[in-house]
Amino acid sequence: MYESEFEQSVFDLRREKLKQIEALGHPVYPNSFAASHTLTAIRAEYDTATSETLEKDRVSVAVAGRIMAIRAQGKAGFAVLQQNGVRLQIYVRMDAVGEPGFQLYKLLDMGDHIGVTGYLFRTRTGELTVHVDTLKFLSKAMLPLPEKYHGLADVELRYRQRYVDLFMNADVREVFVKRAAVLRAMRKFFDERGFLEVETPMMQPIAGGAAAKPFTTHHNALDIDLFLRIAPELYLKRLVVGGLDRVYEINRNFRNEGISTQHNPEFTMLEFYQAYANYHDLMDLTEELIPTIAMEVNGTTKTVFNDVEIDLSKWQRFTMREAIIKWWPPEAGDTASMEMFDSREKLEGALNAALGKFPPTTPGTENEISLIEPDDPYQASEDEIAPAGHSSWETVQNQRAAMLFNYVGRCLVDGEALGKVIAELFEGLAEEHLIQPTIIYDFPLAVSPLSKQKPNEPEWVERFEFYIGGFELGNAFSELNDPVEQRNRFLQQLGERERGDAEAHAMDEDYVRALSFGLPPTGGEGIGIDRLTMVLTGSRSIRDVILFPLMRPQVKQADADAMSE
RNA sequence: GAGCGCGUAGCUCAGGUGGUAGAGCAACGCACUUUUAAUGCGUGGGUCCUGGGUUCGAGUCCCAGCGCGCUCACCA
C-alpha cells in the first residue's frame, strides 16, 4: 500500500495524531455529523450577503467537509473545507473554540474531514467564512495529499487513483457530473416519448448485433462458455417482436479490441428501437435528441472540441456516396462520379484514373493500383512513400489519399466485396472532415447484415451513422425484418467468417425464429454515451469520461522478479 | 499490433557536451489571533522505472524490458 518509507512514516505519524485526538476526548471515527447546511446551500444563499448583513442577522451554521488548505497563525488559523466540490473557508481562534478545541485544530492535516459549528462572517479581504465555535473530528487522511497548487497532474496516477483525482481536480468532477446529466437527459427524452427502459443480457451464448471480437467467460454450474455482449441489438428487437414497441437500454458493451483515445474495452451505449419508424424518422429524432441533451447538460447547443466550436443544433446530411465524392482529393481531379459505385470495374477504373493524377512514386512510371503492399495503407512512413527531395507530392494528404486508393484498389482486385471497399473509401476520405454534426446515410449492404435494403437499390441499405468532432457517435437503420433474408445474411456472414473475418456475424437461429413471428417495420439506433460525453465536455480522450478506464495492473518489482523466475 | 515521446523526493518539476542529486509544495520543529499558492527560521526525506553494457566514473551514453501518453491500425 505504501509507495515509500516516506508514506509509511507519514502514516505512522498520523496514527500517533489519532491517539492524541482520542486523548482529547474525540472519537476518531465517529459515525455522523448533524449539518445544518451543505456547503452548496451556503454558497447559494450567502455568497452575495454583505459583511454588514451577516453581522446584523447572525447566521449560525453546522457544516462538514474535507480540509483542502490549512493555514495556522499562532493562536488562530484558517482552513478551507470542501464538500461535493464546493469550498468554504473556516476561521478558528483559540478564544472562540477554547484551548482543547484549538489543540484539536493543531492536530488536523490536509485531507482530514471535520465538522464545525459557528456563524458566517466576511474576513478583511471579503471572503465568506465560518467563525468556528466548535470543532468535531470526523476522519483522518493518513496519506499526504498531492501538491496543492498543481493538483494531481500525472495522467497515469489520475486514472489509477481516481479517488484522489476527483477531490483534487474540480474540472474532473465536473465531467462526471455532466456525464450523469447526459444519462438523465437521455432517459427523460425517451421516457417522454413512450419508450420503455429495459435490461437485456450482458452474458450471451452468441455475441451478436455488431462486428467485433467478444470477451469470453464461463459459467461453472451450466458448464458453458458465454460471451460478454458486444451489443444488445438482437435482444432488443426480440422485445419489439414481443410487443414492446418502443424500448431503450443504456448499459455497457464489451469489445475485445484495441484501446485508444476513442475506444475503451467496456463502453456505454444507448440503443433504442421504435416500431413503425424507419431510418428517416430516426434522422429527424437524432437531430432533435442531441441538441436537447446539450441544452440540458450545458445550457447551450455550442461546444468546443479540439479547439473547434461545434454547434450541435446545425446538422448536415450526405449519402455515403455523396460524401466520398465531396471529399475526393482535389488533386485527383474529376475522376470520381456516382457511376463508379455501380460496379467493381468502374470503381477500379476510377481509382486508377485518380492515382494517375498523382505524381508517380517512381520516376518514369505511371501510378496504378498495388504499387504499395496492401497489408496496411497507413503503416508506411512518410519517408518511405515520399523520400525527402525525391517527391513533388505537395501534402501529406495527397500521400495518404494515394495510399488509401492503392490499398482499397488492391482489396478490390483481390476480390473484396464492392460494398466493403466503398465503406473503406468513405472512412479514409471523409470521416476526419465530419467535425460539425453530420448524418451519413445509405450504406452498402455488404457491411450491414442487419439492415433493410433500399427498395430500388438492393445493394444499398437504409442505414445512417452520425458524426461529430471527426468520429462516429451513432449508428442507425431500418431493421431488416424478413426472416428468410436475415437467415441468408447470417449465412453470408458465416462465409466471411470462414474466409478469416473474426468479426463477421455469427448465426443466431433463435433471432431468426423471433423474426419469423413478425417484427413490425422498426427503426433502431445506437449512440455511444462516452463519445457524446466527450463532445459535450470537450474531453479529447475517452478515458477522461470513464471513471475507471482499463489500465494494465501495476506489478510490484518483487512480483515481477518472482514471475520471471 | 507499429511508430514517436515520457518515467528524478508523497506531489509539481529543474538537472548544456558523463564528474559526490536540486527547488517549491507536502512532512517534522519553532514563531505568528483576518490568512488565502499565508509568512519567517530550522530539520528530515531519493533502488534518478527495472536489468544489463560502455567508462576510472552513468540521472546523463548504448542495449533489452516494464509502465504511461500521443499518433496510426482494429473498431464504436
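None of the values given here were measured: they were computed from a predicted structure. In what follows, every chain begins at residue 1, and chains take the letters A, B, ... in the order their sequences are listed.
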Check: Taking only N and O in the side chain of K17(A), is any of them less than 4.0 Å away from OP1 or OP2 of C28(B)?
Finding: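 Answer is yes, contact under 4.0 Å.
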Check: Rounded to the Å, how far apart are R14(A) CZ and C28(B) C1'?
Finding: 11 Å
Next item on the list: Answer yes or no: side-chain N or O of Q89(A) and base N or O of U35(B) forming a donor-acceptor pair under 3.5 Å.
Entry: yes
Margin query: Nearest to the T129(A) side chain among A27(B), A76(B), U35(B), which nucleotide is it?
Written below: U35(B)
Margin query: Both R552(A) and G258(A) contact RNA chain B. Which one's nearest nucleotide lies toward the 5' end?
Written below: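 Final value for this comparison: R552(A).
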Checklist line | Minimum-distance nucleotide (side-chain atoms of Y149(A) versus A37(B), U33(B), C28(B)) | finding: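 Closest of the options to the side chain of Y149(A): A37(B).
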Notebook entry, point to check: Side chain of A76(A): nearest nucleotide among U33(B), U34(B), C74(B)?
Noted result: U33(B)
Margin query: Base contacts versus sugar-phosphate-only contacts with protein, heavy atoms under 4.0 Å: please encode nucleotides 39-44 of chain B as B, S and - from 5' to 3'.
Written below: -----B
Item checked: Whole-Å gap separating P (A31(B)) and NZ (K106(A)) -> 8 Å
Next item on the list: Report the distance from atom CD of E525(A) to atom P of A76(B), rounded to the nearest whole Å.
Entry: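 Value for this atom pair: 15 Å.
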Check: Does the side chain of Q89(A) come under 3.5 Å of the side chain of Y91(A) through a donor N or O and an acceptor N or O?
Finding: no
Next item on the list: Can you figure out which of U12(B), A26(B), A76(B) approaches the side chain of P144(A) most closely?
Entry: A26(B)
Margin query: Distance check, P atoms only: G59(B) and C49(B), in whole angstrom units.
Written below: 10 Å
Margin query: Both R540(A) and D154(A) contact RNA chain B. Which one's nearest nucleotide lies toward the 5' end?
Written below: D154(A)
Notebook entry, point to check: Given atom CG of L152(A) and atom C1' of C68(B), what is their separation to the nearest angstrom?
Noted result: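 My rounded result for the distance is 13 Å.
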Next item on the list: Looking only at side-chain atoms of S541(A), point me to the closest of C74(B), C70(B), U34(B).
Entry: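 Of C74(B), C70(B), U34(B), C70(B) is nearest to the side chain of S541(A).
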Note to self: With a cut-off of less than 4.0 Å, is there a side-chain N or O of R124(A) near OP1 or OP2 of U35(B)?
What the structure shows: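 For U35(B), OP1/OP2 do have a side-chain N/O of R124(A) under 4.0 Å.
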Checklist line | Candidates A27(B), C74(B), A26(B) - which lies nearest the side chain of K213(A) | finding: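 For the K213(A) side chain, the nearest candidate turns out to be C74(B).
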Margin query: Can you measure Q161(A) atom CD to G67(B) atom C1' for me and round it to whole angstrom units?
Written below: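 The distance from CD of Q161(A) to C1' of G67(B) comes to 14 Å, rounded to the nearest Å.
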Notebook entry, point to check: Between C28(B), U12(B), A76(B), which nucleotide gets closest to the side-chain atoms of E147(A)?
Noted result: U12(B)
Checklist line | Protein-nucleotide distance (Y105(A), atom OH; U34(B), atom P), rounded to Å | finding: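 After rounding, the reported distance stands at 12 Å.
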Check: Should R15(A) and D12(A) count as an ion pair when the cut-off is N to O under 4.0 Å?
Finding: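 A salt bridge is absent here (no side-chain N lies under 4.0 Å from a carboxylate O).
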Next item on the list: Using only side-chain N and O atoms of T261(A), determine if any of them is under 4.0 Å from OP1 or OP2 of C70(B).
Entry: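 No, because none of the side-chain N or O atoms of T261(A) sits under 4.0 Å from OP1 or OP2 of C70(B).
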Under 3.5 Å donor-acceptor pairs involving side-chain atoms of residues 100-107 of chain A, not counting sequence neighbours:
{"from": "Y105(A)", "atom 1": "OH", "to": "R71(A)", "atom 2": "O", "distance (Å)": "3.2"}
{"from": "Y105(A)", "atom 1": "OH", "to": "F78(A)", "atom 2": "N", "distance (Å)": "3.1"}
{"from": "Y105(A)", "atom 1": "OH", "to": "F78(A)", "atom 2": "O", "distance (Å)": "2.8"}

Notebook entry, point to check: Of the nucleotides C68(B), C74(B), C11(B), which has the atom closest to the R160(A) side chain?
Noted result: C68(B)
Item checked: A38(B) phosphate, OP1 or OP2, under 4.0 Å from R71(A) side-chain N/O -> yes
Next item on the list: Would you mind classifying the nucleic acid contact of I527(A) as base, sugar-phosphate or nothing, using non-hydrogen atoms under 4.0 angstrom?
Entry: nothing
Notebook entry, point to check: Which one, A27(B), C74(B), C68(B), comes nearest to the side chain of E156(A)?
Noted result: C68(B)
Check: When all nucleic acid strands are considered with a 4.0 Å heavy-atom cut-off, which category describes A153(A): base, sugar-phosphate, or nothing?
Finding: sugar-phosphate
Note to self: Can you see if the side chain of K148(A) gets near the phosphate of C11(B) - specifically, an N or O under 4.0 Å from OP1 or OP2?
What the structure shows: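 Looking at the OP1 and OP2 atoms of C11(B), neither is under 4.0 Å from any side-chain N or O of K148(A).
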Checklist line | Distance-only donor-acceptor check, side chains Y159(A) and D165(A), under 3.5 Å | finding: no
Notebook entry, point to check: Should E424(A) and K420(A) count as an ion pair when the cut-off is N to O under 4.0 Å?
Noted result: no
